[in-house]
Amino acid sequence: MAKRTMIEAINLALKQEMEKDPRALILGEDVGKNGGVFRATQGLFDIFGETRVVDTPLSESAIIGVAIGMAVYGLRPIAEIQFEGFIYASMEQLASHAGRIRTRSRGRYHCPIVVRLPYGGGIRAPEHHSDSNEAYFVHTPGIKVVIPSTPYEAKGLLIAAIRDPDPVIFMEPKKLYRSLREEVPEEEYLIPLGQSRIVIEGTDITLITWGAMLQPTLQAATLMEKRGINPEIIDLRTLSPLDMQTVIESVEKTHKAVIVHEAPASCGVGAEVIARINEKALVHLEAPVARVAGFDTVMPLPKLEKYYLPNAERVAEAVDRVLNF
Amino acid sequence: MTQSKKTGRKQQSPGSSALDRERLLRLYRQMLKIRLFEEQVNQLYLGAKMPGLAHLYIGQEAVAVGVCEALRRDDYITSTHRGHGHCLAKGASLDKMFAELLGKAPGYCRGKGGSMHIADQDTGNLGANAIVGGSAGIATGAAMSAKMRGSDQVAVCFFGEGALGQGLLYEEMNMASLWKLPVIYVCENNQYNEYTSYRETTAGEVAARAEAFGIHTETIDGQDVQLVHAKSLTLVERARRGKGPAFLHCNTYRFHGHHVGDVDRTYYRAKKEEEEWKSKRDPVKLFAEWLQKSEMADGKLLDQIENEIATRIKEAVNFALNAPYPELDEVGQDVYA
């Protein structure tokens, strides 16, 4: 089996779905001849041509707008927005239309679009080029939100997202595009949306995370294991709909939890996870659930970026706080 | 240059005197400052001393300088991701610019914004941002504020032709025209929306889009600093007199890639095309030649100007390299009052 980076896994998933489904097409800024700013669509223009790999004007709002229209009328558009921080212009299209077509038409229309969003920090690009705003989309009814944490996960989840009958925001941790490789099968496989996964089984504390933050969380687990603590790590994979069953079962076992995300803490998805743990498993908790998150500020450049992003030490400190409560 | 000789200096607004030698040399100094600044930025980036991204302005200097030299210090500008030239042309400090680009504490954004996020209240620079077309509202609002306050300030909104794809621009131009706001939309058409020719993304005629709103529109050679300056003087004065917005469409060229890392460009534009612009339509070179030909300056003076600027830039880079990074506890600073 070939070892691939996340960007290669995404490229492979796009290529295979485009081959399999003639309704699928890609659109976005510089996705065609250029191959995309992160090279996710490299080579696809040559294979599928300009009618299925469409270079658009710099019009995020219009990209999502036409994707919605195409999806309603039978196509499977896969839109790329170059950086997650460029999505704001199209929030109106996403929140007012993509997420509502199904209810607005009482189920007669559906809107199977995928919006691929490279997100997050760690590449030393400030402000809009490093945003991590998954909570906006999770808060928007009618839209699914998926975030892969490894190359293998990216391929299986992207194929599932493309085949999903609803709009899916597919957020790709750009820090992981090339920084790690793992075995990714050539053949097709799906990872169903709405199911989180247990990455490491453990008994002492539950660490809940997603996307780029899985790596520092795994590093923290290594630090903890040296001290005889066995954490259980859950990768949520899909933030909307949120699979809480896996989380609740884990918390009932460990009685303690820490959530790790790089988005600002306030009203981040971590807050929602804590609320749901409290609703379902409060009596099982031995300590308040802790959060390790970005700060409530714009992503700063570059000296402070490292400080902004959660790392293994910060996760380990939070674990200590919870264990010593 | 023939175009400038025909239409440039002679088409100044009535009453303005011909550009005197000092003023002409200032245009040259400002353009050369941007050129040398950007070349230094490229070196810093290639030497891995600069974090983040940088989008070089080289090739477009005549636009920023021609326009900003027609503005007062208290007039406003908004800038773009390719904004170093606008900031410098409006009077930004070299020290603070380099410090910001290197992420150092004395920078304009205290080293937390970087290349694309420089704002400078002292020179009326309302800020650059990375969102294409993202400043159209800010500039139009600044113009509206000037009108409501009864000041005679003018706002200039710089944007590339890529911003023609953004709906916000049209909503704002509609308002500006309806309410006769003192705003000038300067479209720097450097021919490429990132990595795609604007001809593949832009239907119809650029100027027609602004004309549709009843906005006074001009399309000019953006490589001719005297022409850009002369037109800008006219349009700024017009706006100051309450005659409403204008759209200045400047044809120009981005000599480097979309950003510093965009080195292999042959798949979207021909080397020959780049060479033609660089050899025949370099705004700095063209103006240097004109200054010599019209005996405004000799080669010795131009060399002296270049040496002075190069020295200042070297000092500013050293200042930035030796400056401290921001403290960790500044991460939450300036998010709220």
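Everything numeric in this text was worked out from a predicted model, so none of it was measured. Order of the sequence lines sets the chain letters (A, B, ...), proteins ahead of strands, with each chain counted from 1.
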Proximity breakdown for [X] and chain B, heavy-atom pairs closer than 4.5 Å:
{"X": "A/Ser130", "result": "neither"}
{"X": "A/Gln82", "result": "side chain"}
{"X": "A/Ala62", "result": "neither"}
{"X": "A/Phe86", "result": "both"}

Any chance [atom1] of [X] has more than 12 other-residue heavy atoms, nucleotides or ligands included, within less than 6.0 Å?
{"X": "A/Glu92", "atom1": "CD", "value": "yes"}
{"X": "A/Glu50", "atom1": "CD", "value": "no"}
{"X": "B/Lys104", "atom1": "NZ", "value": "yes"}
{"X": "A/Tyr136", "atom1": "OH", "value": "no"}
{"X": "A/Tyr73", "atom1": "OH", "value": "no"}
{"X": "B/Gln333", "atom1": "CD", "value": "yes"}

Determine the minimum heavy-atom distance between [X] and [Y], stating which atoms define it.
{"X": "A/Leu58", "Y": "B/Gln166", "value": "O-NE2, 2.7 Å"}
{"X": "B/Val331", "Y": "A/Tyr307", "value": "CG1-CE2, 3.5 Å"}
{"X": "A/Gly85", "Y": "B/Ile131", "value": "O-CD1, 3.5 Å"}
{"X": "B/Lys112", "Y": "A/Leu304", "value": "CD-CD1, 3.5 Å"}

Separation of B/Asn193 CG from A/Asp55 CG (nearest 0.5 Å):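 A/Asp55 atom CG to B/Asn193 atom CG measures 10.0 Å (nearest 0.5 Å).
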Looking at CD of A/Glu29 and OG1 of B/Thr201, how far apart are the two atoms once the value is rounded to the nearest 0.5 Å?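 Answer for the CD-OG1 pair, A/Glu29 versus B/Thr201, is 10.0 Å.
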Flag, side chain of A/Ser59 to backbone of B/Gly165, donor-acceptor distance under 3.5 Å: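 Yes, because the side chain of A/Ser59 sits within donor-acceptor range (under 3.5 Å) of the backbone of B/Gly165.
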Which region of [X], side chain (C-beta onward) or backbone (N, CA, C, O), has a non-hydrogen atom less than 4.5 Å from a non-hydrogen atom of chain A, or is it both or neither?
{"X": "B/Glu200", "value": "side chain"}
{"X": "B/Val132", "value": "side chain"}
{"X": "B/Tyr195", "value": "both"}

Working note: B/Met116 + A/His129, criterion side-chain contact (heavy atoms from CB on, under 4.5 Å); need CA distance, chi angles, decisive distance, verdict. CA-CA 10 Å; B/Met116 283 180 283; A/His129 292 76; 3.4 Å; yes
Picking from A/Thr297, A/Asp296, A/Val298, what satisfies side-chain contact (heavy atoms from CB on, under 4.5 Å) with B/Val335?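 With B/Val335 as partner, A/Thr297, A/Asp296, A/Val298 yield a single side-chain contact (heavy atoms from CB on, under 4.5 Å), made by A/Thr297.
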If you count heavy-atom pairs under 4.5 Å between each of A/Lys33, A/Lys306, A/Glu127 and chain B, which one has the most?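 Max contact count across the listed options: A/Glu127.
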